[in-house]
Amino acid sequence: MSRLQLSEAVRERVRAAERVVVFSGAGVSRESGLDTFRGAGGLWERMRPEELATPEAFRADPGKVWRWYAWRYQQAAEAAPNPAHAAIARLETLFPFVMVVTQNVDGLHQRAGSQSLLELHGTITRAVCERCGSGRDMGEAIAESSERPPLCSCGGRLRPAVVWFGEVLPHETLVLAYEEATFCDLFISVGTSAVVYPAAGLIELAHQAGACLIEVNPEPTPFSHVMDLRLADPAGEALPALVDAIERSRWPPTT
Ligand code: OAD
């Protein structure tokens, strides 16, 4: 993507911004080789979420669900952060407060260097005991048993530390995310279809609170019409260009 020129209005709001939220979804990891869920080639086109990503599915066939998450863990472990993750991490050098609120479970934002992160849907890098709640490294748990979930020392069964459909999001994480969306000046939504709630409600909150809204997604979403700026390019191209433009608009710094 060539040099991105922000409109005067967006440039002014970016220049004045102090609090930034980056709201990310599966599309941000697409250029790292990981599948999205929806759209052409998405996971939910060839697999059924109710057979793989619900508590009922795990009860009915724990081995099947465990193997699917072991496969996804392996893919994420072998993937590397792409320029979109790196650009998001770079935002922390440009603003006093940046919070990445992700629906992704792949751990790539951390590996790219993002320090302030809320994982709304948990993480695939950890396993957790269904009974006592104690956690373990997912890679170790898979190494112990790749075909079915291993047992915890308490006798309970391990599961991936992700949020499944029909489960509530971690309360504290969600409250913090709501706060960040309500009080941010700049909200960047990237690589999400914005159809899964309550996560997608963060865009509504930021909009109601009057934040400057930017969307990065090759496809339109239900919120595209409220955006101040929409970049319809892949995140790995659009985000480095956007962060460069943001950096230029914040220079020289205000005293
Ligand atoms: P989706 O798969 O629903 O949406 C991915 C979005 O990324 C789509 O809007 C694509 O157009 C866009 N996209 C694809 N390639 C892109 C690229 N290179 N750059 C930027 N955008 C790109 O993924 P999420 O919105 O993250 O939940 O899905 C939300 C939740 O639904 C997930 O966390 C997961 C899923 O079912 C659970 O498993 C609970």
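Counting begins at 1 with the first residue of the sequence. Just so you know, ligand 1 is whichever comes first in the structure, and atom 1 is the first atom listed for that ligand.
When each atom of ligand 1 is checked for a heavy atom of P234 under 4.0 Å away, the hits are 17 (C), 18 (N), 19 (N). Every atom of ligand 1 is numbered from 1 in the order shown, and the set under 4.0 Å from a heavy atom of R30 is 15 (N), 18 (N). Within ligand 1, counting atoms from 1 as listed, the ones closer than 4.0 Å to a heavy atom of A235 are 17 (C), 18 (N), 19 (N), 20 (C). With ligand atoms numbered from 1 in the order given, ligand 1 contributes 11 (O) to contacts under 4.0 Å with heavy atoms of E219. Heavy-atom proximity to V163, at under 4.0 Å, picks out these atoms of ligand 1: 39 (C). Residue contact check: G25 has heavy atoms under 4.0 Å from atoms 26 (O) of ligand 1. Using a 4.0 Å cut-off to heavy atoms of V196, the atoms of ligand 1 that qualify are 29 (C), 30 (C), 31 (O). Residue-ligand proximity, E31 to ligand 1, at heavy-atom distances under 4.0 Å covers atoms 17 (C), 18 (N), 19 (N).
At least one heavy atom of P218 sits under 4.0 Å from some atom of ligand 1. Contact annotation: T221 has no heavy atom less than 4.0 Å from any atom of ligand 1.
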> Passes side chain to side chain contact (heavy atoms under 4.5 Å, CB included), L202 versus V21? Steps please.
Replying inline: CA-CA 10 Å; L202 293 172; V21 169; over 6 Å; no
>> Determine whether T125 and V105 satisfy the following criterion, side chain to side chain contact (heavy atoms under 4.5 Å, CB included), listing intermediate values before the conclusion.
In response: CA-CA 8 Å; T125 64; V105 297; over 6 Å; no
> Between W44 and D35, is a side chain to side chain contact (heavy atoms under 4.5 Å, CB included) present by the stated rule, with each step listed?
Replying inline: CA-CA 10 Å; W44 296 153; D35 291 322; over 6 Å; no
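The parts of Q103 lying near ligand 1 are both backbone and side chain, judged by heavy-atom distances below 4.0 Å.
In this structure, R72 is positioned above the aromatic face of W68, its NZ or CZ under 6.0 Å from the six-membered ring centre and within 45° of the axis. In this structure, R157 is positioned above the aromatic face of F58, its NZ or CZ under 6.0 Å from the six-membered ring centre and within 45° of the axis.
Ionic pairing of R136 and E144 is present here: one or more N-O contacts between side-chain nitrogen and carboxylate oxygen are shorter than 4.0 angstrom. No salt bridge links R148 with D61; every basic N to acidic carboxylate O contact stays at or beyond 4.0 Å. Of the charged side-chain nitrogens involved, at least one lies within less than 4.0 Å of a carboxylate oxygen, so that R90 and E247 count as a salt-bridged pair. Taking the charged nitrogens against the carboxylate oxygens, R159 and E167 do have a contact shorter than 4.0 Å, which makes a salt bridge. Remark: R3 does not engage D244 in a salt bridge, criterion side-chain N to carboxylate O under 4.0 Å. Between R15 and E12, no side-chain nitrogen of the basic residue sits less than 4.0 Å from a carboxylate oxygen of the acidic one, so the salt-bridge criterion is not met.
For the pair D233 and ligand 1, the shortest N or O to N or O distance does not fall below 3.5 Å. Considering backbone and side-chain atoms alike, W44 places an N or O below 3.5 Å from some N or O of ligand 1.
Closest protein heavy atom to atom 11 (O) of ligand 1: N217 OD1, 2.7 Å. At the shortest separation from atom 28 (O) of ligand 1 among protein heavy atoms lies R38 NH1, 3.3 Å. Annotation: atom 34 (C) of ligand 1 to nearest protein heavy atom, F37 CE1, 3.6 Å. Protein heavy atom closest to atom 16 (C) of ligand 1, with residue, atom name and distance, is G27 O, 3.6 Å. The single protein non-hydrogen atom nearest to atom 4 (O) of ligand 1 is S193 N, 3.3 Å, given as residue, atom name and distance. Given atom 5 (C) of ligand 1, the protein heavy atom at minimum distance is G191 O, 3.5 Å. With respect to atom 26 (O) of ligand 1, the closest heavy atom belonging to the protein is A26 N, 2.8 Å. In terms of protein heavy-atom proximity, atom 38 (O) of ligand 1 is closest to F165 CE1, 4.0 Å.
Under a 3.5 Å cut-off, the side chain of R19 and the backbone N or O of F97 do not form any donor-acceptor pair.
Taking the six-membered ring where the residue is Trp, H85 and H109 present perpendicular rings, their angle passing 60° and hence far from 30°.
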